[in-house]
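What follows is a set of notes on a single structure, which appears directly below.
Protein chains get the first letters and strands the later ones, always in sequence-line order, with residue 1 at the start of each. In this text, all values refer to a predicted model and were calculated from it rather than measured experimentally.
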Protein chains: 2
Amino acid sequence: MADLKLDQFLPYRLSVVSNRVSAAIATAYDRLFGLRIPEWRLIAVIAEGPGITQQALGVATRMDKVTVSRAAQALVERGLVARTPNEGDRRSHLLALTATGRLLYDQVAPKALELEAKMLEQLDADERRALSAMLDRIEAAANEVAPEGVGAD
Amino acid sequence: MADLKLDQFLPYRLSVVSNRVSAAIATAYDRLFGLRIPEWRLIAVIAEGPGITQQALGVATRMDKVTVSRAAQALVERGLVARTPNEGDRRSHLLALTATGRLLYDQVAPKALELEAKMLEQLDADERRALSAMLDRIEAAANEVAPEGVGAD
DNA sequence: CCGATATAGTTTCAGCTGAAACGACTTTTC
DNA sequence: GAAAAGTCGTTTCAGCTGAAACTATATCGG
């Protein structure tokens, strides 16, 4: 009989840790800025390169197009993001932060980095690099095991 | 303005990798054994120590009691798990694998370890230890940042 | 003992997610 | 240049999750 202890099982550990981290971040963003995680992710990517389509946002954030669509609508309604017609392709629009959106981003981003720093506090630079590289390799392997599968949170 | 690139942001990377891994595993278990992740987790813990209550299962798997309740019902209905009255406390029952459940476990556990091995293939023993230790530290830090929050998948 | 409070587990309900169907527009093909 | 096929984005629907309400039992304080 196989020797399998759940809390030594990596997929389980990964899921637990990721959920804790996500929950901590989600709570903070929601309380401080009224943002959900998908919304915050869109803002982060739009801030980097304004004039982006939703489909590109989906690729960048690895979120489903439905999730992107809903988050984008919420942000537009809140006046944080504006849509301009895409001349090249009228099926889509181009998204950019409004002035208000930019202002919010300038508040959220430092807070995000601060939260991240708190969670990484006990890792030194080498460890962080190693962690990041390992995550990349694990993700690649997972993609091989089952090519599909997305999932946001 | 803060320098924040989403794909270097640890909480995001963690979430993406964890979701990929979970999706890969979930697909495999569902296809091979008709098990969802919460069900599989219960089986893994019950196999280790039969005669366990649902509340203890919740602690062990870090899943919500609702999730545990539903997974337990499904397993009982499928005849993989049996409930015996808990003499000491009649609010709860004690769960154990049936013969069928044990048989299934003996198939699932090796498969689980095999899947894990595939994902960890490119990490050597030292790296795995380091990864595990880092996950522990990150989880602890996340718990400090926001004590609550659970979440299964 | 017995009422007050707490805990195990279930049910209900609201929220989030993503597959699938759909509408609008674009590209390809003949 | 129009029908066929593909893509962007929205809507719909079904599934999963967890907070809160609820039932049954247990424990605590007087």
Axial bend angle, the helix from C/dC1-D/dG30 to C/dC30-D/dG1: five-pair end segments, nearest 10°: 20°
Close approaches to DNA chain D from residues 68-88 of chain A, in residue order (heavy atom, under 4.0 Å): A/Ser69, A/Arg70, A/Gln73, A/Arg83
Whole-Å distance separating the CZ atom of B/Arg41 from the P atom of D/dC16: 15 Å
Side-chain (A/Arg90) to main-chain (A/Pro85) donor-acceptor, under 3.5 angstrom: no
Residue list, ring pair (Phe, Tyr, Trp, His ring centres under 6.0 Å) with A/Phe9, at least two apart or on another chain: none
Selection from C/dA8, D/dC16, D/dG9 that lies nearest to any side-chain heavy atom of B/Arg36: D/dC16
Length of the CG-C1' vector between B/Asn19 and C/dC16, whole Å: 13 Å
Set of residues satisfying side-chain hydrogen bond (donor to acceptor under 3.5 Å, both in side chains) with respect to B/Lys118, sequence neighbours excluded: none
Partner set under side-chain hydrogen bond (donor to acceptor under 3.5 Å, both in side chains) for A/Glu114, not counting sequence neighbours: A/Lys111
All salt bridge (Lys or Arg N to Asp or Glu O under 4.0 Å) counterparts of B/Glu139, not counting sequence neighbours: A/Arg13, A/Arg20, B/Arg62
Residue pairs, two or more places apart or on separate chains, that pass ring pair (Phe, Tyr, Trp, His ring centres under 6.0 Å) and touch residues 120-143 of chain A: none
Partner set under ring pair (Phe, Tyr, Trp, His ring centres under 6.0 Å) for B/Phe33, not counting sequence neighbours: none
Whether A/Tyr29 and A/Trp40 hold their rings parallel, tilted or perpendicular, with breakpoints at 30° and 60°: perpendicular
Interatomic distance, B/Asp89 CG vs C/dA8 P [rounded to whole Å]: 8 Å
With A/Asp124 via salt bridge (Lys or Arg N to Asp or Glu O under 4.0 Å) - residues at least two apart: none
d(NE2, A/His93; P, D/dT7) in whole Å: 18 Å
Check nucleotides 21-24 of chain C against the protein and report each pair of N or O atoms closer than 3.5 Å, with its distance, or say if there are none.
none

Residue pairs, two or more places apart or on separate chains, that pass salt bridge (charged side-chain N to carboxylate O under 4.0 Å, His left out) and touch residues 76-85 of chain A: none
Any B/Ser92 side-chain N or O less than 4.0 Å from OP1/OP2 of C/dT7: no
Separation of D/dC13 C1' from A/Asp64 CG (nearest whole Å): 14 Å
Could you go through residues 92-101 of chain A and list every donor-acceptor pair under 3.5 Å that involves a side-chain atom there, pairing it with any protein atom two or more places apart or in another chain?
from, atom 1, to, atom 2, distance (Å)
A/Ser92, OG, A/Asn86, ND2, 3.1
A/Ser92, OG, A/Asp89, O, 3.4
A/Thr98, OG1, A/Gly79, O, 2.7
A/Thr98, OG1, A/Leu80, O, 3.2
A/Thr98, OG1, A/Thr100, N, 3.4
A/Thr98, OG1, A/Gly101, N, 3.0

Nearest-angstrom distance from the residue atom CD of A/Gln54 to P of D/dT11: 11 Å
